[in-house]
Q: 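Quick one: the structure is below, questions incoming.
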Amino acid sequence: MIETMKELLKKLSLPIIQGGMGVGISGSGLASAVANEGGIGVIAAAMVGIDEPDIISNSIEANIRALKREIRRAREATKGILGVNIMVALTNFSDLVNAAIEEKIDVIISGAGLPLDLPKYLKEGCKTKLIPIVSSGRAARALCKRWLQNFNYLPDAFVVEGPKAGGHLGFNAEDLNKPEFSLEKLVVDVFESVSEFCQKGKSMIPVIPAGGIYTGSDIRKFLNLGASAVQMATRFVTTSECDADVEFKRTYIDAKEKDIVIIKSPVGMPGRAINNQFLEEVKEGKKQPF
Ligand SMILES: Cc1cc2nc3c(=O)[nH]c(=O)nc-3n(C[C@H](O)[C@H](O)[C@H](O)COP(=O)(O)O)c2cc1C
């Protein structure tokens, strides 16, 4: 297993982290394919057990079992670097983190809330790297302070997710298009906010932008700003290696710009989604989240 974050980043031949996509979109298939190409492949923990027979009656155990299985499957398929994405908002967050650490996962990426206590799960000798997802310099600074104070530990890197990301968004809906919240600005804000925590002689905490990064020139733009890598998710959905159903992939291929909508997700955050009949029915109050 890799010792330091610096070594881990050096080992990458592609400066790309594949963003975790829940409910079975990024499982062992996509994660191992990305890792084999020299990026970091990420298995999403959110409802990873969607196909388990007891997912309704015994969801906590079903998801833990499925997460461990997906990590093992991915390990069998690659010698590359693997991560898991575990959202703070998940009810069984602790169990999933413990399961991933038990499986000696290289990286845990955690957002949808601030993972204030994540370092407490690291046991003696554990090499798993911890990467919180933030959407502001303020959040990054608060997390550094808290981790340093309580665990004498600084984040191994930050994913900085901007307003153009797919899925849940850490912004008010009305701020999404404001220039002051552009990903470029947020990256600089995070660099500045965490610089005070990088002691003399030690390198900066690596910053990894995410959200709307799609092409090689997008990646280059952020590397030029000082990013160590980028996180990309939507770009991988329509690959044959992606674990999603072919109909899900087809929806992405067929989507036009006008179909991309901002919804209020059941967890109370805005989210970027592709409009469909289900969302229309939710909007009209005909369907309720459960
Ligand atoms: C279908 C889908 C599912 C996602 N699921 C998760 C998730 O479970 N946890 C999470 O932290 N982020 C999730 N994300 C966000 C991605 O990991 C990533 O940070 C974001 O989509 C980056 O923006 P991009 O899609 O424009 O590349 C999801 C994104 C998509 C498109």
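We count ligands from 1, going down the list as the structure has it; atoms in each ligand are counted the same way. For this chain, numbers begin at 1 and follow the sequence in order.
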Q: Does a salt bridge link Glu52 with Arg69, judged by any charged N lying under 4.0 Å from a carboxylate O?
A: yes
Q: Is it the side chain (CB and beyond), the backbone, both or neither of Met87 that lies under 4.0 Å from ligand 1, heavy atoms counted?
A: side chain
Q: Check each atom of ligand 1 against the heavy atoms of Met232 and keep those under 4.0 Å away; list them by number with element.
A: 27 (O)
Q: For atom 2 (C) of ligand 1, which protein heavy atom lies nearest, and how many Å away is it?
A: Met21 CG, 3.5 Å
Q: Should Arg250 and Glu247 count as an ion pair when the cut-off is N to O under 4.0 Å?
A: yes
Q: Under 4.0 Å from a heavy atom of Gly22: which atoms of ligand 1 are those, numbered in the order shown and with their elements?
A: 3 (C), 4 (C), 5 (N), 6 (C), 7 (C), 8 (O)
Q: Look at the side chain of Glu70 and the backbone N and O of Ser28, then say whether any donor-acceptor pair between them is shorter than 3.5 Å.
A: yes
Q: Restricting to side chain to side chain donor-acceptor pair (under 3.5 Å), what partner residues turn up for Glu284, sequence neighbours left out?
A: Lys286
Q: If hydrogens are left out, which of Gly20, Gly167, Ser110 has an atom nearest to atom 6 (C) of ligand 1, that is, the closest non-hydrogen atom?
A: Gly20
Q: Give yes if a backbone or side-chain nitrogen or oxygen of Thr234 is under 3.5 Å from a nitrogen or oxygen of ligand 1, and no if not.
A: yes
Q: Hey, which atoms in ligand 1 end up nearer than 4.0 Å to a heavy atom of Tyr252?
A: 1 (C), 31 (C)
Q: Quick check on contacts: which atoms of ligand 1 are under 4.0 angstrom from a heavy atom of Gly211?
A: 22 (C), 23 (O), 26 (O)
Q: What atoms in ligand 1 come closer than 4.0 Å to a heavy atom of Ile133?
A: 11 (O)
Q: To the nearest 0.1 Å, how far is atom 15 (C) of ligand 1 from its closest protein heavy atom, and which atom is that?
A: Gly166 O, 3.6 Å
Q: Do any nitrogen or oxygen atoms of Ala233 come within less than 3.5 Å of a nitrogen or oxygen of ligand 1?
A: yes
Q: Have a look at Asp106 and tell me which of Arg75, Lys11, Lys79 forms a salt bridge (charged side-chain N to carboxylate O under 4.0 Å, His left out) with it.
A: Arg75
Q: Taking 4.0 angstrom as the limit and counting only heavy atoms of Gly19, give me the atoms of ligand 1 inside it, by number and element.
A: 17 (O)
Q: Does the pair Lys185/Glu180 count as a salt bridge with the N-to-O cut at 4.0 Å?
A: no
Q: With a cut-off of 4.0 Å, which atoms of ligand 1 are near a heavy atom of Glu161?
A: 15 (C), 18 (C), 19 (O), 20 (C)
Q: If you measure every N or O of Gly212 against every N or O of ligand 1, does any of those distances drop under 3.5 Å?
A: yes
Q: With a 3.5 Å cut-off and no angle check, do the side chains of Asn150 and Tyr153 form a donor-acceptor pair?
A: no
Q: Taking side chain to side chain donor-acceptor pair (under 3.5 Å) as the definition, give me every residue that meets it alongside Gln231, ordered by chain and number, with sequence neighbours left out.
A: none
Q: Below 4.0 angstrom, N of the basic side chain to O of the carboxylate: do Lys127 and Asp156 qualify?
A: no
Q: Please state which protein non-hydrogen atom is closest to atom 10 (C) of ligand 1 and give its distance, to 0.1 Å?
A: Asn85 ND2, 3.2 Å
Q: Check each atom of ligand 1 against the heavy atoms of Gln231 and keep those under 4.0 Å away; list them by number with element.
A: 17 (O), 18 (C), 19 (O)
Q: Any nitrogen or oxygen of Val237 lying under 3.5 Å from a nitrogen or oxygen in ligand 1? Just yes or no.
A: no
Q: Purely on distance, is any nitrogen or oxygen of Gly111 under 3.5 Å from one on ligand 1?
A: no
Q: Indicate yes or no for a side-chain donor-acceptor contact from Arg235 to the backbone of Ile213 under 3.5 Å, with no hydrogens or angles considered.
A: no
Q: Identify the two heavy atoms, one from Gly27 and one from Asp243, that lie closest to each other, and give their separation to 0.1 Å.
A: N-OD1, 2.9 Å
